[in-house]
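Below, all heavy atoms of this structure are taken into account, side chains as well, without hydrogens, waters or symmetry copies. Residue numbers count from 1 along this sequence.
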Amino acid sequence: VAEQLDARGTTERPQVTLGELWSRYVLAESPGWRPATLVSAKNQWSLFAARVGESRLASEISADVMDEVQRDLRRWKTR
(Lines give C-alpha, C1' and ligand atoms only; values in the text may rest on other atoms or scores of the structure.)
Protein backbone atom coordinates (compact mmCIF):
# COMPACT_ATOMS: atom_id res chain seq x y z
CA VAL A 1 0.00 0.00 0.00
CA ALA A 2 2.79 2.43 0.90
CA GLU A 3 4.41 1.86 -2.49
CA GLN A 4 1.15 2.66 -4.26
CA LEU A 5 0.77 5.87 -2.28
CA ASP A 6 4.35 6.89 -3.04
CA ALA A 7 3.85 6.13 -6.74
CA ARG A 8 0.92 8.55 -6.93
CA GLY A 9 3.02 11.46 -5.74
CA THR A 10 1.62 14.57 -4.20
CA THR A 11 -1.17 16.57 -5.69
CA GLU A 12 -0.81 20.32 -5.84
CA ARG A 13 -3.84 22.09 -4.41
CA PRO A 14 -4.73 25.50 -5.76
CA GLN A 15 -3.98 28.37 -3.40
CA VAL A 16 -7.30 29.88 -2.36
CA THR A 17 -7.71 33.02 -0.28
CA LEU A 18 -10.23 33.24 2.51
CA GLY A 19 -12.18 35.81 0.49
CA GLU A 20 -12.41 33.45 -2.48
CA LEU A 21 -13.42 30.59 -0.22
CA TRP A 22 -16.11 32.74 1.40
CA SER A 23 -17.46 33.82 -2.00
CA ARG A 24 -17.64 30.23 -3.21
CA TYR A 25 -19.35 29.15 0.01
CA VAL A 26 -21.99 31.88 -0.19
CA LEU A 27 -22.60 31.19 -3.87
CA ALA A 28 -23.10 27.48 -3.20
CA GLU A 29 -25.06 27.65 0.05
CA SER A 30 -26.97 30.93 0.22
CA PRO A 31 -29.75 30.19 -2.30
CA GLY A 32 -31.45 28.07 0.37
CA TRP A 33 -30.97 30.60 3.16
CA ARG A 34 -33.52 33.02 4.52
CA PRO A 35 -32.56 36.70 4.23
CA ALA A 36 -31.78 36.98 7.96
CA THR A 37 -29.44 33.99 7.72
CA LEU A 38 -27.48 35.68 4.95
CA VAL A 39 -27.21 38.89 6.99
CA SER A 40 -26.02 36.93 10.02
CA ALA A 41 -23.46 34.98 7.99
CA LYS A 42 -22.12 38.19 6.43
CA ASN A 43 -21.80 39.81 9.85
CA GLN A 44 -19.90 36.84 11.22
CA TRP A 45 -17.68 36.75 8.14
CA SER A 46 -16.92 40.46 8.53
CA LEU A 47 -15.68 39.92 12.09
CA PHE A 48 -13.55 36.96 11.04
CA ALA A 49 -12.16 38.69 7.92
CA ALA A 50 -11.30 41.81 9.92
CA ARG A 51 -9.24 39.68 12.29
CA VAL A 52 -7.37 37.43 9.84
CA GLY A 53 -7.70 39.24 6.49
CA GLU A 54 -9.61 38.00 3.50
CA SER A 55 -6.51 37.99 1.29
CA ARG A 56 -4.85 35.42 3.55
CA LEU A 57 -4.49 31.94 2.11
CA ALA A 58 -6.94 29.42 3.50
CA SER A 59 -4.09 26.94 3.90
CA GLU A 60 -2.51 29.30 6.46
CA ILE A 61 -5.43 29.03 8.87
CA SER A 62 -4.56 26.59 11.60
CA ALA A 63 -6.38 25.52 14.74
CA ASP A 64 -4.18 27.98 16.64
CA VAL A 65 -5.35 30.87 14.45
CA MET A 66 -8.97 29.84 15.00
CA ASP A 67 -8.38 29.70 18.75
CA GLU A 68 -6.93 33.23 18.66
CA VAL A 69 -9.92 34.54 16.73
CA GLN A 70 -12.32 32.88 19.15
CA ARG A 71 -10.48 34.39 22.14
CA ASP A 72 -10.58 37.84 20.52
CA LEU A 73 -14.31 37.56 19.83
CA ARG A 74 -14.98 36.53 23.44
CA ARG A 75 -12.99 39.54 24.68
CA TRP A 76 -14.89 41.82 22.30
CA LYS A 77 -18.27 40.49 23.51
CA THR A 78 -17.42 41.10 27.16
CA ARG A 79 -16.57 44.78 26.65
Side-chain angles (χ1 to χ4, degrees):
V1 173
E3 291 170 358
Q4 290 175 346
L5 292 174
D6 287 339
R8 287 191 291 180
T10 59
T11 304
E12 288 270 334
R13 292 186 184 188
Q15 297 295 313
V16 179
T17 66
L18 291 174
E20 292 168 324
L21 193 62
W22 166 251
S23 295
R24 292 177 189 181
Y25 173 72
V26 170
L27 183 64
E29 299 295 327
S30 68
W33 293 349
R34 293 181 180 183
T37 302
L38 181 57
V39 169
S40 177
K42 285 182 177 181
N43 288 338
Q44 292 175 35
W45 162 250
S46 295
L47 291 172
F48 181 74
R51 173 63 175 85
V52 297
E54 57 183 278
S55 62
R56 192 167 180 180
L57 293 176
S59 60
E60 296 174 356
I61 304 301
S62 65
D64 290 338
V65 171
M66 294 303 294
D67 288 344
E68 289 173 24
V69 170
Q70 191 172 38
R71 271 193 304 274
D72 288 350
L73 289 175
R74 282 190 187 126
R75 281 188 211 123
W76 179 75
K77 283 183 175 183
T78 59
R79 287 183 186 179

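Under the side chain to side chain contact (heavy atoms under 4.5 Å, CB included) rule, Q70 has a single partner from M66, R74, E68, which is R74.
Closest approach of R75 to D72, counting heavy atoms only: NH1-OD1, 3.0 Å. Scanning both residues, L38 and S30, for their nearest heavy atoms gives CD1-CB, 4.2 Å. Residues W33 and A41 approach most closely at CZ3-CB, 3.9 Å, considering heavy atoms.
Between V65 and E60, every side-chain heavy-atom pair lies at or beyond the 4.5 Å cut-off. For the pair K42 and V39, the minimum side-chain heavy-atom distance is 4.5 Å or more. Counting only heavy atoms from C-beta outward, the side chains of V69 and L47 never approach each other to under 4.5 Å.
Once rounded to the nearest 0.5 Å, the distance linking CZ of F48 with CH2 of W22 reads 11.0 Å. Distance check: L18 CG to Y25 OH gives 14.0 Å after rounding to the nearest 0.5 Å. Atom CD in Q44 sits 9.5 Å away from atom CG in L73 (nearest 0.5 Å).
Judged by distance alone, the side chain of S40 and the main-chain N or O of A36 form no donor-acceptor pair under 3.5 Å.
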